[in-house]
Amino acid sequence: MNAFAERLLAWFDRHGRQDLPWQHPRTPYRVWVSEIMLQQTRVETVVPYFQRFMEQFPDVQSLAAAPQDAVLHQWSGLGYYARARNLHRAAQVVVEEHGGVFPAERAGLEQLPGIGRSTAAAIIAQAHDAPEAILDGNAKRVLARHAAIHGWPGSTAVQRELWAEAEARTPATRCADYTQAIMDLGALLCSRSRPACEACPVHVDCGAAQQGLTGTLPSPRPRRDLPTRTRWAACLRAPEGIALIQREQDGIWGGLYSLPEAETAEALEDWVLVQWPGATPAVVDHGLQHSFSHYRLDLRIRPFDLPAGACGIMEGNRVIWYKPGTSRAVGIPAPIQRYLHDDKDPGNGTNR
DNA sequence: AAGTCGGGGAT
DNA sequence: ATCCCAGACTT
């Protein structure tokens, strides 16, 4: 075994994370769900979601048989909802085409929706203790520093270098532990800012440490300024609840239930008054600002009041009348969820 | 190769 | 306010 792996494993035995929820029991199903949840998401954020998810969907069969709304409901607030939709589809493929048994090789896993190279490798290494190199955000940071690789790790050229480093260092034995170890090193010691180099087991031959580059590696993502998109939404208030409409599967918040939207205030009001001629617009609009990774959303919300029974006009499984606590289990975007529970405050409200 | 897709915690 | 996190997928 190479010196890097040996030092890392020795450190892991004393200081590694051995009691994460998906490690006990460490089944392919539980490892898979955890890996999908952990994509672009911190461990501390995932833990409560993982535990609730496992209570409702303890095995791949129960997940495959569940309605999509139930899956998205469990996923609400985690973000990147394509992960949940893909997870659900993949469960159905595993049940229907693989007899409920996960592929035990990387290539087989990569055929499932939502599983790329690194996630497939992580599942193989952790669930089967078989040698596969991973390259998640932690490994990228550790390797970029230790091998002193310049350039943004997201670029194709740098990724190729990093994969080569990852493969060269992955040992043939203790694969599950090594995989966990390099992620733990990245998360616990080799953090983005203020890495604890004095406690690092591979500090002696770390390129970044020797060259004084721990503060500059890995290189940051190229800058890009966020555009702002302004949209209008209706908060239709009926005695039965507030109208939420299911969004298209593609695009932001795909498959979730949210306030009906339009490009302009005029288009929104026209649509509302066609559906509900008795709707009464409120005097004061509400406002909601939310920023995504690639744009800033300025959502202007116009409340309308509806008489009792008006909700019957627009029925169907793509509409719910939301009331906290009593509503059907569907996915709701986090900022909309907050708005619905905080309806009194107009936010950046504008008079008109 | 670049863009899309969430939300939140750390700084 | 900026960065980025146990990335995958589409164009």
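A tilted orientation is assigned to the rings of His290(A) and Trp253(A), their planes being inclined by 30° to 60°.
When side chains are defined from C-beta on, Thr179(A) does not count as touching Thr170(A), because their heavy atoms never get closer than 4.5 Å. For the pair Met37(A)/Phe53(A), a side-chain contact is recorded, criterion being any heavy-atom separation below 4.5 Å from C-beta on.
A straight line from CG of Leu38(A) to P of dG6(B) spans 17 Å, rounded to a whole angstrom. In this structure, Glu248(A) atom CD and dT4(B) atom C1' are separated by 17 Å, rounded to whole Å. Gln39(A) places its CD atom 14 Å from the P atom of dC5(C), with the value rounded to the nearest Å. Leu256(A) places its CG atom 13 Å from the C1' atom of dG7(B), with the value rounded to the nearest Å. If you measure from atom CE of Met37(A) to atom C1' of dG8(B), you get 16 Å, rounded to the nearest angstrom. The interatomic distance linking Arg141(A) (CZ) with dC4(C) (P) rounds to 10 Å, in whole Å. At whole-Å resolution of the value, CZ in Arg221(A) and C1' in dT2(C) are 13 Å apart. Atom CZ in Arg296(A) sits about 14 Å away from atom C1' in dG7(B), given to the nearest Å.
Residue Ser293(A) has no polar side-chain atom (N or O) positioned under 4.0 Å from OP1 or OP2 of dT4(B). Contact between the side-chain N/O atoms of Gln40(A) and the OP1/OP2 oxygens of dG7(C) is found at a separation under 4.0 Å. At least one side-chain nitrogen or oxygen of Arg338(A) sits closer than 4.0 Å to the OP1 or OP2 atom of dG8(B). Residue Trp253(A) places at least one side-chain N or O under 4.0 Å from the OP1 or OP2 atom of dG7(B). In terms of phosphate contacts, Thr156(A) brings a side-chain nitrogen or oxygen within less than 4.0 Å of OP1 or OP2 of dA1(B). For His290(A), a side-chain nitrogen or oxygen approaches OP1 or OP2 of dG7(B) to under 4.0 Å. The side chain of Arg83(A) places no N or O atom within less than 4.0 Å of a non-bridging phosphate oxygen (OP1 or OP2) of dG6(B). Taking 4.0 angstrom as the limit, His294(A) places none of its side-chain polar atoms (N or O) nearer than this to OP1 or OP2 of dG3(B). OP1 or OP2 of dG7(B) has at least one side-chain nitrogen or oxygen of Tyr81(A) nearer than 4.0 Å.
In this structure, Ala82(A) and Glu44(A) both approach DNA chain B, and ranking their closest nucleotides by distance from the 5' end singles out Ala82(A). Each of Gly77(A) and Arg194(A) was assigned the nucleotide of DNA chain B with the nearest heavy atom; the assignment lying further toward the 5' end belongs to Gly77(A).
Annotation: Glu110(A), atom CD; neighbour count of heavy atoms from other residues, nucleotides and ligands within 6.0 Å is above 12.
Within the nucleic acid shown, Ala334(A) comes within 4.0 Å of sugar-phosphate atoms alone, with no base atom in reach, counting heavy atoms only. Using a 4.0 Å heavy-atom distance criterion, Val43(A) is classed as a base contact. Here Trp152(A) lies out of heavy-atom contact (under 4.0 Å) with every strand. When heavy atoms are screened at a 4.0 angstrom cut-off, Gly186(A) is found touching no nucleic acid atom at all. Residue Leu87(A) is classed as having no contact, given no heavy-atom separation below 4.0 Å to the nucleic acid. At the heavy-atom level, Tyr80(A) lies under 4.0 Å from base atoms of the strands shown.
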Could you go through the side-chain hydrogen bond (donor to acceptor under 3.5 Å, both in side chains) check for Gln249(A) and Gln68(A) one step at a time? CA-CA 11 Å; Gln249(A) 296 286 315; Gln68(A) 189 196 59; 3.0 Å; yes
What's the verdict on side-chain contact (heavy atoms from CB on, under 4.5 Å) for Leu188(A) and Arg17(A), showing C-alpha distance, side-chain angles and the deciding distance? CA-CA 9 Å; Leu188(A) 302 176; Arg17(A) 291 179 288 191; 4.1 Å; yes
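Nearest approach of Val46(A) to Trp22(A), heavy atoms of both residues: CG1-CZ3, 3.9 Å.
Side chain Arg17(A) to base dA6(C): a donor-acceptor pair is found below 3.5 Å. Thr41(A) contributes a side-chain N or O that forms a donor-acceptor pair with the base of dG6(B) under 3.5 Å.
Here, dC5(B) and dC4(C) have their C1' atoms 15 Å apart, quoted to the whole Å. Taking atom C1' on both nucleotides, dA8(C) is separated from dG9(B) by 23 Å, rounded to a whole Å. The gap from the P atom of dA6(C) to that of dT11(B) amounts to 13 Å, rounded to the nearest Å. The gap from the C1' atom of dC5(C) to that of dG6(B) amounts to 12 Å, rounded to the nearest Å.
Taking 4.0 Å as the cut-off between side-chain N and carboxylate O, Asp285(A) and Arg300(A) do not count as a salt-bridged pair.
Residue Gln126(A) has its side chain nearest to dA6(C) when only dG6(B), dA6(C), dA8(C) are considered. You'll find that the side chain of Arg224(A) is closest to dG3(B), out of dG3(B), dG7(C), dC5(C). Checked against dG7(B), dC3(C), dA8(C), the side chain of Arg223(A) finds its nearest nucleotide in dC3(C). Counting only heavy atoms from C-beta on, Asp136(A) has its side chain closest to dG7(C) among dT11(B), dG7(C), dG6(B). For Pro333(A), the listed nucleotide lying nearest its side chain is dG7(B); candidates were dA6(C), dC5(B), dG7(B).
Geometrically, Arg302(A) does not engage Phe304(A) in a cation-pi contact defined by less than 6.0 Å to the ring centre and at most 45° from the axis.
In terms of modelled atom types and a separation under 3.5 Å, the side chain of Arg328(A) and the main chain of Asp69(A) share no donor-acceptor contact.
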Between protein and nucleotides 9-11 of chain C, what N or O pairs are separated by less than 3.5 Å?
{"from": "dC9(C)", "atom 1": "OP1", "to": "Gly114(A)", "atom 2": "N", "distance (Å)": "2.4"}

